[in-house]
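What follows is a single structure, written as structure tokens, with notes after it.
To find a chain, count down the sequence lines: A is the first, B the second, and so on, and within it residues start at 1. As the structure is a computational prediction, the values presented were derived from the model and not from experiment.
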Amino acid sequence: MKILIKNGHVIDPANGIDAVTDIFIENGVISEIGEDKDLTGVEMEIIDATGKIVAPGLVDMHVHLREPGQEYKEDIETGTRAAVCGGVTSVACMPNTNPVCDNAAVVSYIKQKAAEAGYANVFPIGAVSKGQEGKILAEMGEMAFAGAVAVSDDGHPVENSGLMRRAMEYSEMFDIVVISHCEDMALGEGDMNEGAVATAMGLRGISRAAEEVMAARDIIVAEAIGGRVHIAHISTKGSVELIRQAKRRGVRVTCETCPHYFALTEEACMGFNTNAKMNPPLRTAEDVAAIKEGLRDGTIDCIVTDHAPHHADEKDCEFGLAKNGIVGLETSLGLGIKCLVNEGVLTMGGLIEKMAVNPSRILGIAKGSLSVGQTADVIIFDPRSKWTVDIKKLHSKGKNSPYDGFELYGKPEYVLVGGEIIINQGELMK
Amino acid sequence: MKHDLLGLKELSAEQIKNILSEAADMKKIVVGAKEKKIKNLQGKTVVNLFYENSTRTRLSFELAAKYMSANAANISSSGSSVAKGETLTDTAETINAMGTDILVMRHSMSGAPHMLSKLISASVVNAGDGMNEHPTQALLDMLTMIEHKGHIEGLKVAIIGDIYHSRVVRSNIYGLTKLGAEVTVGGPSTLMPMGIEELGVKVFNNIHEAIVDADVVMGLRIQLERQKKGLFPSVREYFRFFGVDDSRLKLAKPDAIVMHPGPVNRGVELSTTVIDGEKSVITQQVTSGVAVRMAVMDMLIHGGF
Ligand SMILES: [Zn+2]
């Protein structure tokens, strides 16, 4: 099977390519980039990408696929199908499943289920601690050998600073990074961001200090031992500043944010909108500006979705009882274009770096580029073409999105995973 | 289209004035009339759905409904109808199936009546939701103030106590500021929610400053279990710094009135001498409560919102 993607605007920041050219794919692998190849008489499928952007498939390193254990919210098949529909060809999934992904068997199970589903590539993230209980280290070495690409107790913070230190030291032997969900629980008890909006609605406020205290701790621990840490889903101006300073000092820290932290503010919670309830909570306009500046100046390495599907019953309830989190896989590219590229915060190449190149580098996976010899995970989209989000039509089992009715840009028209065309002219092929 | 009373945040000054003026008429029936029975809600069904115990508020709504000849029923959380595990969505179906006209709802979570309102055809009256609002309480407070002061505009109202957890204070802030009163809040900083000044009030940790020249001093109930959560060190220390006693009350205007939504912890929010003193209008608040609730329910059914 040979595929020629013709005449598209190829953006491949990993190889410094930003030009109109062709991509030739053979047997699922990118075999050539350039226009001069003589292909007369070669039998192949031709995709005309004139006027469109051709980029490496997106890599989302913070996704909750919910399987095993919470298939009523999402499973690996529906989650990866949603991913592909959003142009995300690789996901790293968090271990807060049931059972917790804290051993090699669960890692293998997830990889096998993902292969059977055949949509996006799935890279499991193992737990830091057994049962995510924050007490003793999980078998990181065995998980790494089974295919885990990072460790995290996401969903919960690692409260014990000593355990966090050991996790950084131990995981480094296996070349996997610790991803830290930063939340000081004693400061973080609440429903939404602390401030006038929460106060006016009679909701309990979550202090920004809850996130920043632990981000600062992780930076200090990493700095003291020369270790490496990746800070998950940063949401505040203070976190951006802490990480900016740490990077200047040479601390081995990377971080990610989510589209909702640059697309929405706490005011989305007004009217007790449970689809705007998440953890960390939506913050203020000042934080949004700081997040954008952090993305622009390179303080923030990645954009991830923290895709957190929930059942309707878990959101159609009192705000205080509603589960935290939103689905995001199908809207992240569109929000990135709308809020970052169109507003001049990032170039399109810069956006692809945050959504594909940097996550691959941090996880140490061979994704996020269109290099010759690389498995062909490719997306094609028109960043000027508008589409409207209809949450009823999301492919995820979770419909918990705050973006219903939003006008976004650049819905993927073609998505190739391993050279297989899974979305063809906007149609899901399987 | 049905109307609800979910909070004073959503109402205009005009709407609040209309309710207060009808409530003043209703109060004549409650205190003056020989026969406390009018036919305004005859044939209508009022259901009290209380997820939190509050005998006095429930009783007040029940009396208001009965004085207006409505059929009144109670569903309480201890009863079987609001069994554990039943969601608000399930409850909404029950309420609809019962042919309810007005649902009076008390719930421990902010926003619960707002959510239920979207699911049912009955008009919803919020009888207190979490820390959010308790609109009929603020309306009865305002009615009582008008009875004593003749107006709301220009009054200085000092509200002292647990501001953080209080739905009463939020409704009073919305209502009083819309009607032109100056509101100050006082209490320990650990019971003061961040950003409260953005609701248009002045904030004091020193309650002398909060009370100075006040026309109205309102104490708020302190839940004694807040002490266990470390929000203040002891009841003794609370009263020493934040309790309203006779000497502090002297800082208010000579003709000031003292209010409290009840039930009062004697010697905590207010000293016994203040509670039983001549400035206290706490028992009149209770009577105003029935009148306000009559007015609200009448207007929800017959228009005026
Ligand atoms: Zn997390």
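Considering every non-hydrogen atom in both A:D316 and B:T89, the closest pair reads O-OG1, 3.7 Å. When all heavy atoms of A:A200 and B:N132 are compared, the closest pair comes out as O-OD1, 3.6 Å. Counting all heavy atoms, side chain and backbone alike, B:M109 lies closest to A:L321 at CE-CD2, 3.5 Å. Here the closest non-hydrogen pair linking B:A112 and A:E318 is CB-CG, 3.8 Å. The two atoms that bring B:S110 and A:G202 nearest to each other are OG-O, 2.5 Å, heavy atoms only.
Dense packing is recorded around NZ of A:K292, with more than 12 heavy atoms of other residues, nucleotides or ligands lying under 6.0 Å away. Within a 6.0 Å radius of CD in A:E343, other residues, nucleotides and ligands contribute more than 12 heavy atoms. Counting heavy atoms of neighbouring residues, nucleotides and ligands inside a 6.0 Å radius, atom NZ of B:K178 exceeds 12 of them. Counted within 6.0 Å of NZ on B:K9, heavy atoms from surrounding residues, nucleotides or ligands total more than 12; the atom is thus considered enclosed. Under a cut-off of 6.0 angstrom, the local environment of CE in A:M270 is sparse, with at most 12 non-hydrogen atoms contributed by other residues, nucleotides or ligands. Within 6.0 Å of atom CD in B:E153, 12 or fewer heavy atoms from other residues, nucleotides or ligands are found, so the atom counts as exposed in its surroundings.
Both the backbone and the side chain of B:I196 come within less than 4.5 Å of a heavy atom in chain A. With a threshold of 4.5 angstrom between heavy atoms, B:R167 does not approach chain A through any atom at all. B:H107 touches chain A through its side chain: at least one heavy atom from C-beta onward sits under 4.5 Å away, while N, CA, C and O do not.
Taking 4.5 Å as the limit, every side-chain heavy atom of A:V197 sits out of range of all side-chain heavy atoms of B:E198. Between A:E189 and B:K229, the closest side-chain pair of non-hydrogen atoms falls below 4.5 Å.
Most heavy-atom pairs under 4.5 Å with chain B: of the set A:G205, A:A198, A:C317, this distinction falls to A:C317. In terms of heavy-atom pairs under 4.5 Å with chain B, the best-connected choice from A:S207, A:G195, A:G320 is A:G195.
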Original post:
For A:R204 and B:Y164, what are the C-alpha separation, side-chain angles and deciding distance, and is it a side chain to side chain contact (heavy atoms under 4.5 Å, CB included)?
Top reply: CA-CA 9 Å; A:R204 297 169 306 155; B:Y164 188 96; 3.7 Å; yes
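Atoms OG1 and CD, from B:T87 and A:E314 in turn, are 12.0 Å apart once rounded to the nearest 0.5 Å. The OG1 atom of A:T199 sits 8.5 Å away from atom CD of B:E197, with the distance rounded to the nearest 0.5 Å. In this structure, B:D90 CG and A:D313 CG are separated by 8.0 Å, a value rounded to the nearest 0.5 Å.
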